[in-house]
Amino acid sequence: MKAHRLPQSILRRMAAYTEFQRKVWLCCAQIPRGSTMTYGEVARKIGHPGAARAVGTALSKNPFAPTVPCHRVVAGSGKPGGYSGPGGIRKKLQLLKEEKASLRG
DNA sequence: CGTATGGCTCCTC
DNA sequence: CGAGGAGCCATAC
């Protein structure tokens with residue numbers, strides 16, 4: 001649990017949010033570049049199986065996007081899912097394209 | 001403290 | 001394979 005390379009400033013700001021959100025964001029930060037993960041996978045990984053929807057909620061609140069690579073989290077049906085960061089879903093798809101990542105991981 | 005709201009998922013049809 | 005409906009979960013109000 002230390003693969004993330006987030007700035008100390010961000011890590012410190014994260015402290016103001018719920019543990020659930022931090023787990024979600026940190027989990028995203030741990031997703032290897034060029035890979036993707038489904039909301040359900042993330043939920044299960046952080047110890048909240050079935051909380052896929054809550055994961056989406058947490059990511060939508062992600063104030064560190066795209067510094068926190070929440071765009072590497074996609075829906076489980078091979079769909080892009082959503083993106084509340086700057087640029088919207090378009091930006092998410094663009095980032096994934098740049099990273100040569102496929103929606104299936 | 002109860003209701004409303006999502007970057008979801010699974011099961012049927 | 002696609003559309004529809006019903007669960008599930010944490011957060012915001």
Side-chain angles (χ1 to χ4, degrees):
Chain A
M1 267 290 219
K2 58 175 182 177
H4 63 71
R5 26 167 89 40
L6 298 177
Q8 183 62 40
S9 55
I10 287 187
L11 292 177
R12 212 158 49 124
R13 290 170 195 279
M14 275 190 178
Y17 299 79
T18 72
E19 186 177 358
F20 181 80
Q21 289 176 176
R22 283 183 307 224
K23 281 185 176 180
V24 172
W25 297 334
L26 289 176
C27 191
C28 295
Q30 286 156 35
I31 300 177
R33 183 182 180 285
S35 291
T36 58
M37 229 181 211
T38 71
Y39 297 91
E41 285 276 79
V42 173
R44 179 155 50 88
K45 177 140 189 170
I46 65 178
H48 290 242
R53 209 164 195 180
V55 169
T57 304
L59 290 178
S60 70
K61 298 285 190 64
N62 172 27
F64 314 111
T67 305
V68 171
C70 52
H71 60 267
R72 289 179 192 160
V73 183
V74 298
S77 318
K79 295 211 144 189
Y83 192 74
S84 300
I89 187 63
R90 294 273 302 180
K91 183 68 177 180
K92 177 174 182 174
L93 291 173
Q94 185 187 319
L95 287 170
L96 289 176
K97 183 182 178 184
E98 288 181 17
E99 296 184 357
K100 298 292 196 300
S102 61
L103 296 181
R104 279 306 186 77

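Convention: sequence-line order gives letters A, B, ...; per-chain numbering from 1.
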| query | CD/A:Gln94 to CD/A:Glu98 distance, rounded to the nearest 0.5 angstrom? | reply | 5.0 Å
| Which residue lies more 5' along DNA chain C, comparing A:Gly50 with A:Lys61 via nearest heavy atoms | A:Gly50
| query | So which nucleotide from B:dG7, C:dC9, B:dC8 ends up closest to the side chain of A:Tyr83? | reply | B:dG7
| Nucleotide nearest A:His48 (side chain, heavy atoms from C-beta), chosen from B:dG7, C:dA10, B:dG6 | C:dA10
| Which whole-number value in Å describes the distance from A:Tyr17 OH to C:dA12 C1'? | 13 Å
| query | Starting at CG of A:Asn62 and ending at P of B:dG7, how long is that distance when rounded to a whole Å? | reply | 12 Å
| request: Starting at atom CG of A:Leu59, determine the distance to atom P of C:dA12, rounded to an integer number of angstrom. | output: 13 Å
| request: Could you check which of C:dC8, C:dA10, B:dT9 has an atom nearest any side-chain atom of A:Ala54? | output: C:dA10
| said: Measure CZ/A:Arg53 against C1'/C:dA10 and give the value in whole Å, please. | reply: 11 Å
| request: Let me know the distance between CG of A:Leu96 and C1' of B:dG7, rounded to the nearest Å. | output: 12 Å
| task | Choose from C:dG7, B:dG7, B:dT9 the nucleotide whose nearest atom is closest to any side-chain atom of A:Ala75. | result | B:dT9
| Short side-chain N/O contact from A:Thr57 to OP1 or OP2 of B:dT5, under 4.0 Å | no
| query | Would you say B:dG7 has OP1 or OP2 under 4.0 Å from some side-chain N or O of A:Lys92? | reply | no
| Out of B:dT9, C:dA12, C:dC9, whichever nucleotide has its closest atom nearest the side chain of A:Gln21 | C:dA12
| message | Can you tell me which nucleotide in C:dA10, B:dG7, B:dG6 comes closest to the side chain of A:Phe20? | response | C:dA10
| query | Choosing from B:dG7, C:dA10, B:dT9, which nucleotide comes nearest the side chain of A:Ala52? | reply | B:dT9
| Under 3.5 Å donor-acceptor pair, A:Ser84 side-chain atoms to B:dG7 base atoms | yes
| remark: Here the gap from A:Leu103 atom CG to A:Thr36 atom OG1, rounded to the nearest 0.5 Å, amounts to 6.5 Å
| Could you give the CG-to-P distance, from A:Leu103 to B:dT9, as a whole number of Å? | 12 Å
| query | Between C:dC1 atom P and A:Lys79 atom NZ, what is the distance in whole Å? | reply | 13 Å
| query | Within the side chain of A:Lys92, is there an N or O that forms a donor-acceptor pair under 3.5 Å with the backbone of A:Pro80? | reply | yes
| Under 4.0 angstrom, heavy atoms only, what part of the nucleic acid is A:Gly81 near: base, sugar-phosphate, or nothing? | nothing
| task | Using the side chain to side chain contact (heavy atoms under 4.5 Å, CB included) rule, take A:Leu59 and A:Val68 through it: C-alpha gap first, then chi angles, then the decisive distance, then the call. | result | CA-CA 9 Å; A:Leu59 290 178; A:Val68 171; 5.8 Å; no
| Taking side chain as C-beta onward, heavy atoms only, is A:Gln21 less than 4.5 Å from A:Met14? | no
| task | Identify the nucleotide, in any strand shown, that forms a Watson-Crick or G-U wobble pair with C:dC8, with both distances under 3.5 Å; if there is none, say none. | result | none
| Which value, rounded to the nearest 0.5 Å, describes the distance between A:Ile10 atom CD1 and A:Trp25 atom CH2? | 10.5 Å
| request: Would you mind classifying the nucleic acid contact of A:Val73 as base, sugar-phosphate or nothing, using non-hydrogen atoms under 4.0 angstrom? | output: base
| query | How close or far is atom P of B:dG7 from atom CD1 of A:Ile89, stated in whole angstroms? | reply | 11 Å
